[in-house]
Protein chains: 2
Amino acid sequence: MASAPTPPVSAVKITDVAAAAGVAPMTVSRVLNTPERVSPGTAERVRAAIDALGYVPNLIAGGLSSRRSRMIAAIVPTIASPMFAEPVQSFTDAMGRAGYHVMLALSGYGEADEATLIRAVLARRPDGLLLTGARRSPEASRLLATARVPVVEIWDTAEQPTDMLVGFDHEEVGREVAAYFRAQGHTQFAFLGASDIRATARGRGFAQGGLAAQATVKAPGTIVEARQAFRAMARKLTSRTALFASSDLIAFGVLTEARAMGISVPDQLAVCGFGDFELSRGASPAITTVHVDGIAMGVLAAEHLVARLAGRAEGHAHRALVPFRIVERDTT
Amino acid sequence: MASAPTPPVSAVKITDVAAAAGVAPMTVSRVLNTPERVSPGTAERVRAAIDALGYVPNLIAGGLSSRRSRMIAAIVPTIASPMFAEPVQSFTDAMGRAGYHVMLALSGYGEADEATLIRAVLARRPDGLLLTGARRSPEASRLLATARVPVVEIWDTAEQPTDMLVGFDHEEVGREVAAYFRAQGHTQFAFLGASDIRATARGRGFAQGGLAAQATVKAPGTIVEARQAFRAMARKLTSRTALFASSDLIAFGVLTEARAMGISVPDQLAVCGFGDFELSRGASPAITTVHVDGIAMGVLAAEHLVARLAGRAEGHAHRALVPFRIVERDTT
DNA sequence: TCATGTAATGGTATCGATAACATCACTCGC
DNA sequence: GCGAGTGATGTTATCGATACCATTACATGA
């Protein structure tokens with residue numbers, strides 16, 4: 001195709017297209033947003049003009065006018081861990097398919113003020129919000145309430161979510177892992193977890209029958225930190241122990257160090273991780289872990305949000321619990 | 001198709017604040033954007049009114065008026081790999097500190113049409129763009145040129161980048177790894193890489209002296225895929241081999257399988273990965289790898305963009321090569 | 001034949017902010 | 001003592017789209 005001298009994107013606006021196609025701007029807008037309300041012939045002409053001029057609609061202007069930004073803001077602690085990268089990725093994909101863009105805001109692990117972050121993203125008037133966790137400060141709750149924006153919270157559960165929720169109970173995960181170990185005949189338990197709120201909750205559930213040892217690493221927790229922490233912890237573990245790690249990365253660190261120390265797995269030390277990262281499947285021995293489908297969580301969160309935004313929220317419950325399960329591999 | 005209800009997101013607008021503070025809307029705008037041009041007393045009153053009313057400025061309206069969105073769009077293949085998650089994370093952080101939000105668009109590995117994606121994000125009139133790689137289709141280049149938007153390309157290099165570039169030469173990485181192996185006395189080489197364009201380039205550089213074996217896995221490449229591929233490949237490796245993997249994940253898969261097969265590392269098989277993921281440091285044996293500071297790359301990209309956006313582009317070269325280095329650990 | 005419904009399209013008034021210019025009150029310096 | 005300069009604030013006109021309602025041209029049924 002002969003590249004006609006195309007004016008800068010910013011220069012071509014809807015009125016230019018309208019003039020070129022011999023219609024009113026409103027008709028151009030209809031061709032783009034509600035094509036079924038325009039006669040095929042007119043739509044054809046308008047589309048030809050759009051192509052010829054290289055028109056790229058200005059969603060900022062459209063958003064101001066329609067009061068819908070077609071944008072969702074996602075606030076997660078980090079995407080440097082698969083724990084959050086996967087749901088964010090699948091959420092972004094799924095929202096994209098529904099015509100929404102996702103703006104990413106990273107909160108870190110609690111050091112930043114969440115309310116400030118929420119205020120900042122609300123300034124862009126997102127049509128919806130994805131938040132991590134289910135505990136909001138009063139300030140944050142107030143902001144969200146007055147903004148009247150659909151909210152999905154993921155990765156946790158609460159009796160009274162802010163709005164919609166797609167998550168699960170971390171304490172219950174801990175209890176289930178403990179029950180699993182007990183069923184295997186274990187009596188001495190240990191926990192090695194990151195310092196974040198949900199990892200702590202898993203530890204709490206796990207520890208209900210008592211703990212022979214426990215250690216914490218700074219969230220999100222690295223392999224090297226886990227190795228160091230386990231080395232220190234191992235001295236206290238005199239007999240056969242079942243260890244629950246708050247993430248697969250930490251579990252891998254424990255296993256790596258255990259091998260270096262000559263501790264046999266799973267005979268002397270049984271290990272269960274959390275997250276079912278690719279590493280757990282790929283490592284040898286393959287790591288027993290708690291599978292939580294982060295990808296599904298992202299997709300489900302997107303579905304809830306899209307349903308709400310389309311006005312057909314009735315079919316969906318506000319609170320969806322995603323299942324988790326223990327994937328038994330070689331370390332237990 | 002229920003028409004979406006358009007509830008006033010936040011009823012409070014700049015005129016309300018202005019009325020409450022007894023000033024003109026423009027003065028409120030100044031308090032928020034150029035506080036140094038407002039007298040302290042007035043600013044105080046305005047801020048009090050903002051707090052009292054819970055005013056959250058509408059950046060959509062502001063953006064339309066000022067023609068600056070204070071938003072950057074980032075297009076990366078995926079964030080499910082640390083390769084891209086780290087730079088995206090650090091870029092988002094750094095841009096956030098400069099007052100910009102980042103919108104994330106995921107392109108996958110080539111199957112989607114990049115130009116379509118670029119057109120979609122340009123509709124939001126981002127003040128800048130972060131793109132992965134340095135090869136653009138003619139269509140994409142045309143779009144970017146007419147949009148006159150600052151662009152930073154990362155993760156690759158090119159003689160003529162679209163605009164700014166922060167990356168390095170992947171072929172050179174391959175050559176350097178080959179040279180490193182040669183210096184260690186290796187003569188038989190193998191490559192196991194993902195199918196993406198940059199991994200392929202690294203393989204090309206590595207293969208210049210010839211390859212005893214090579215295999216490709218679908219990008220981005222998983223541990224399990226790497227194990228399978230290596231198992232198939234290993235039959236061809238009759239003598240001492242130096243293997244370059246296109247990512248640390250793949251290297252880890254190779255090492256895991258090698259251990260299972262009783263191949264001694266680094267005596268029979270030396271392995272070098274790419275990326276210096278946390279896994280390489282944490283695993284045992286620790287994996288020799290090519291370190292590329294993805295976090296620094298994100299920060300640097302943000303600095304270039306911010307400098308350009310602030311109008312002080314002079315101090316920065318358009319094309320920054322980030323250094324890489326081989327981190328020697330236990331597998332070579 | 002005419003009232004009425006319906007599909008296609010146009011005209012006008014915003015949406016909520018900011019740019020650009022105007023205004024006003026002072027302070028200097030000579 | 002007065003014009004020029006300066007800092008603080010106000011006024012007006014957009015920014016580029018869409019909502020809302022009006023209008024037109026037909027088709028339809030009584």
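The sequence lines fix the lettering, A, B, ..., with proteins before strands; numbering per chain opens at 1.
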Problem - Length of the CD1-P vector between B:Ile60 and D:dA17, whole Å - result: 14 Å

Exercise for the section: Provide, to the nearest angstrom, the distance between the CG atom belonging to B:Leu59 and the C1' atom belonging to C:dA17. Expected result: 10 Å

Practice task
Indicate whether any N or O donor in one side chain lies under 3.5 Å from an N or O acceptor in the other, for B:Thr132 and B:Glu153.
Solution key: no

Problem - Distance below 4.0 Å between A:Asn33 side-chain N/O and D:dT18 OP1 or OP2 - result: yes

Practice task
Say whether A:Arg319 and A:Thr157, considering side chains only, have a donor N or O and an acceptor N or O under 3.5 Å apart.
Solution key: yes

Exercise for the section: Please determine, for the side chain of B:Arg30, which listed nucleotide (C:dT18, C:dG16, C:dC21) has the closest atom? Expected result: C:dC21

Exercise for the section: Write down the distance between CE (A:Met26) and P (C:dA8), rounded to a whole number of angstrom. Expected result: 14 Å

Completion exercise
The nucleotide from C:dG16, D:dG16, D:dA8 with an atom nearest the side chain of B:Ala61 is C:dG16

Problem - A:Arg70 side chain to A:His101 side chain, donor-acceptor N/O pair below 3.5 angstrom - result: no

Exercise for the section: Figure out the CG/P separation between B:Leu32 and C:dA17, and round it to whole Å. Expected result: 9 Å

Handout entry: A:Tyr55 side-chain N/O to D:dG16 phosphate OP1/OP2 under 4.0 Å
Key = no

Handout entry: Minimum-distance nucleotide to A:Ser65 side chain [options: D:dT18, C:dT18, D:dA8]
Key = D:dT18

Practice task
Using atom CZ of B:Arg67 as one end and atom P of D:dA17 as the other, report the distance to the nearest whole Å.
Solution key: 11 Å

Practice task
Please state whether the phosphate of D:dT9, meaning OP1 or OP2, lies under 4.0 angstrom from any side-chain nitrogen or oxygen of B:Ser39.
Solution key: yes

Completion exercise
Only one of A:Thr92, A:Leu309, A:Leu305 passes side chain to side chain contact (heavy atoms under 4.5 Å, CB included) with A:Tyr100, and that residue is A:Leu309

Practice task
Return the value, rounded to whole Å, for the distance between atom CG of A:Leu64 and atom C1' of D:dA19.
Solution key: 12 Å

